Amino acid sequence: MFNPVTFADAAVGERTVHLRLIETTDLHLHLLPFDYFTDQPVTGLGLLAAAELIEEARSEAASALLFDNGDFLQGTAMGDYLAHERGLRAGDEHPVMTAMNALRYDAITLGNHEFNYGLDFLTAALAGAACPVVSANLMTKRGAAPRTDRTLVKPYVLLDRVLTDAAGLRHPIRIGVIGFAPPQVVDWDRQHLENRLQARDIVETARAWVPEMREAGADLVVALAHTGIGAAQHSDGMENAAVPLARVAGIDALLTGHNHMVFPSPVFTGHGGVDVQTGTIAGKPAVMGGFWGSHIGLIDMLLVRDGGRWQVLGTHTQTRAVAAGARQGEARGPAPDRKAARARLQGKARLAHLSAAIAPMHEDTRAAIRRPVGETAIPLHSYFAHLGETAALALVAEAQRQHVAARLRDPGLAALPILSSVAPFKCGGLGGSGNFTDVPAEPIALRHIADLYSFPNSIAALRVTGAEAVEWLERSASAFNRLRPDSQDTLLRDPRVPGYNFEVIDGLSVEYDLSQPARYTPDGRLAQADARRVARVGFRGAPLDPAQEFILCTNSFRACGAGQFPATVPERLVLQDGTITRDVIRAHVERIGTVRPSTSRSIAFTPLPGVHALFETGPGAERYLGQIARFHPEPRGLSRAGFLRLRLDWSAP
Ligand code: MN
Ligand code: MG
């Protein structure tokens, strides 16, 4: 029945019908374009920013359906404020439902993050949904087979719609919509879901339900698959199952997500079963519309009704970026035709109405983020991170360690010691002399947590050996220039290595010998196989055993290979639950109230008598010079770029 020719090639006749599927995915409660960590508006994301694109996309097709693919409830301070502080009272409507209802979604599915606040909160939020909510592989009671499960929400829904063909004739169609989530949710949110929710394999579930949908008269089946585009081969319980799911007979189109990527895009070139040219997976049209409302995804289907049966003549898949849409909108001037102009105006009016409806919750959230979540007993800054003053990193490291420790279920993994790696993201460089973390010893609010951790990364953990941890430190040591014997005033940092590629491993003590050449190049390639800057590494007061195994906490960006650190391969990933690291830090600070991060130095340097180096840092460092007295720092004024220059004595660092 499926004919995978491209939309453009398909013959358009009088009886053909253009049906457009519109996707949002992984919104993570980004409604207004606003960053609650920095308390500033942002551009290029948010459902309300995408609303104009949605209305425009609707106006271009004779018929359109709008779906959300999950992970809508959690991910901004508004979500936490609602769940943890304010609560949903009887009669309250969750703002994401207010927004989705206003935009007239046709159906939505659940992502893994819908469960972060527990089942009762989710149920209260979903009570406000005006459209069906579907998810086939999450159940409150597991049956002998998928079709006897008691699913949490409806496994699928049949949408009866009337489509208009090119000649203006109307045809009834029944569109089946089924939802899926990664079965890992029940582990990831075990504290909320134990004994309350179970999960099945996505593909197994699809094979069971799709035939029933067909029997029930579905002319088309659309999968709302909150799963990523991963391995081509099916394995039981796989998290990213889009490719094997696409092969399930009877599914006509797939909306994907969870990966926070864009499909079609060149990133997926060469993936088994995936065609980035035609925007298909296993020959079926598929899309992934970014995350946080960065994009909308569109699947266009050209259909014809032939002898009472619907046939797919061709498909076309695309995404549209909200950022690009805003730019085009400015350049484009008046809309090309009256219909599009009217749609745009309607979109604008709806948007204004919706912004007003969400404004009270938005303002309450802003008030909440200014309230302290805890306090720090000592100032936390990054001015001397490269010199081993790493209290600010130690706070993040400890938060990461506790999060990961609480979630490692496998007894073999839970027994391993946990190391925690953090880089000073805000540490000069191209960001300039003001680009340093600087949190005074006082109450900590959300904006301070953004200062401590400036990227919206999510947490990840790898299984590594001691030897690999040493390589990790060698890779970090490429952040330094070589200090040759008797050299004077060599610039200490190699400007080609940004702060985010200088990882400090909390839990290990390292001594760097900077008289040695770097083992790795600034971009992470092996430079000299016999070069070693790591002179000594200690773990719990003894030399590190290269064969010992560890869990190493890091972020998902690093764990996926960014910066070319060793052992950053998928096989070593033991945890990647999608939790934003800033949320991990915030939860940690809230839990302990007053933080006193370790000030013990995790980095030492081999003394190089007679050697002096120049260190550039932020002018704000001047009041903390006492912390690096061992280097006998001599201020040498400001550089042209505004950095404070310090001459450091490497005789006894
Ligand atoms: Mn997500
Ligand atoms: Mg997800």
Side-chain angles (χ1 to χ4, degrees), residues 23-31 45-47 50 67-80 83 96 100 108-119 122 125-126 133-138 152-153 179-190 192-193 197 199 201-202 205 223-231 237-243 245 254-263 265 267 286-297 319 322 403 407 455-460 555-557 559-560 570 573 575-584:
E23 176 196 51
T24 57
T25 187
D26 295 274
L27 289 172
H28 287 281
L29 202 54
H30 288 267
L31 302 178
L45 60 83
L47 179 58
F67 300 111
D68 184 78
N69 217 39
D71 275 7
F72 50 79
L73 201 59
Q74 175 278 347
T76 65
M78 185 188 278
D80 292 351
V96 75
M100 286 181 173
I108 63 176
T109 194
L110 305 176
N112 49 303
H113 283 285
E114 264 60 83
F115 298 90
N116 290 164
Y117 303 130
L119 267 188
L122 173 60
L126 293 181
V133 184
V134 293
S135 186
N137 68 322
L138 300 176
L152 176 69
V153 294
F180 304 99
Q184 286 76 5
V185 271
V186 295
D187 292 328
W188 292 336
D189 274 307
R190 195 169 175 144
H192 297 303
L193 302 177
L197 196 75
D201 177 65
I202 290 173
T205 307
L224 308 186
H226 187 88
T227 187
I229 300 171
M238 70 197 291
E239 176 185 346
N240 294 304
V243 181
L245 179 62
L254 267 91
L255 309 188
T256 71
H258 184 59
N259 279 163
H260 290 204
M261 311 258 251
V262 170
F263 181 81
S265 72
V267 179
V287 76
M288 193 188 301
F291 62 105
W292 298 5
S294 63
H295 294 70
I296 60 170
T319 61
V322 169
H403 177 89
R407 281 160 188 79
F455 290 124
N457 294 335
S458 58
I459 197 157
N555 63 71
S556 51
F557 185 71
C560 293
L573 205 55
L575 183 93
Q576 187 179 23
D577 65 6
T579 310
I580 302 295
T581 305
R582 283 173 180 171
D583 290 333
V584 170

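Not measured: the values here are computed from a predicted model. Indexing begins at 1, ligand by ligand and atom by atom, following the structure's order.
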Asp71 N/O/S atom closer than 2.8 Å to the Mg ion (ligand 2): yes
Shortest non-hydrogen separation from Ala242 to Thr256 and the atoms involved: CB-CG2, 3.8 Å
Side-chain touch Leu126/Leu110, heavy atoms, less than 4.5 angstrom: yes
His260 near the Mn ion (ligand 1): N/O/S under 2.8 Å: yes
Where Met100 and Ile108 come nearest, the two heavy atoms and their spacing: SD-CG2, 3.9 Å
Identified side chain to side chain donor-acceptor pair (under 3.5 Å) counterpart of Asn112 within the set Gln184, Glu239, His258, Gln74: His258
Pair Asp71-His28, side chain to side chain donor-acceptor pair (under 3.5 Å): steps then yes or no: CA-CA 5 Å; Asp71 275 7; His28 287 281; 3.3 Å; yes
Shortest-distance N, O or S atom of Asp26 relative to the Mn ion (ligand 1): OD1
Atom of His28 nearest the Mn ion (ligand 1) (restricted to N/O/S, atom name only): NE2
Angle subtended at the Mg ion (ligand 2) by Asn112 OD1 and His258 ND1, rounded to 10 degrees: 90°
Over all atoms of both residues, closest heavy-atom pair of Pro183 and Gly237: CG-O, 3.6 Å
Any N, O or S atom of His226 closer than 2.8 Å to the Mg ion (ligand 2): yes
Name, closest N/O/S atom of Asp71 to the Mn ion (ligand 1): OD2
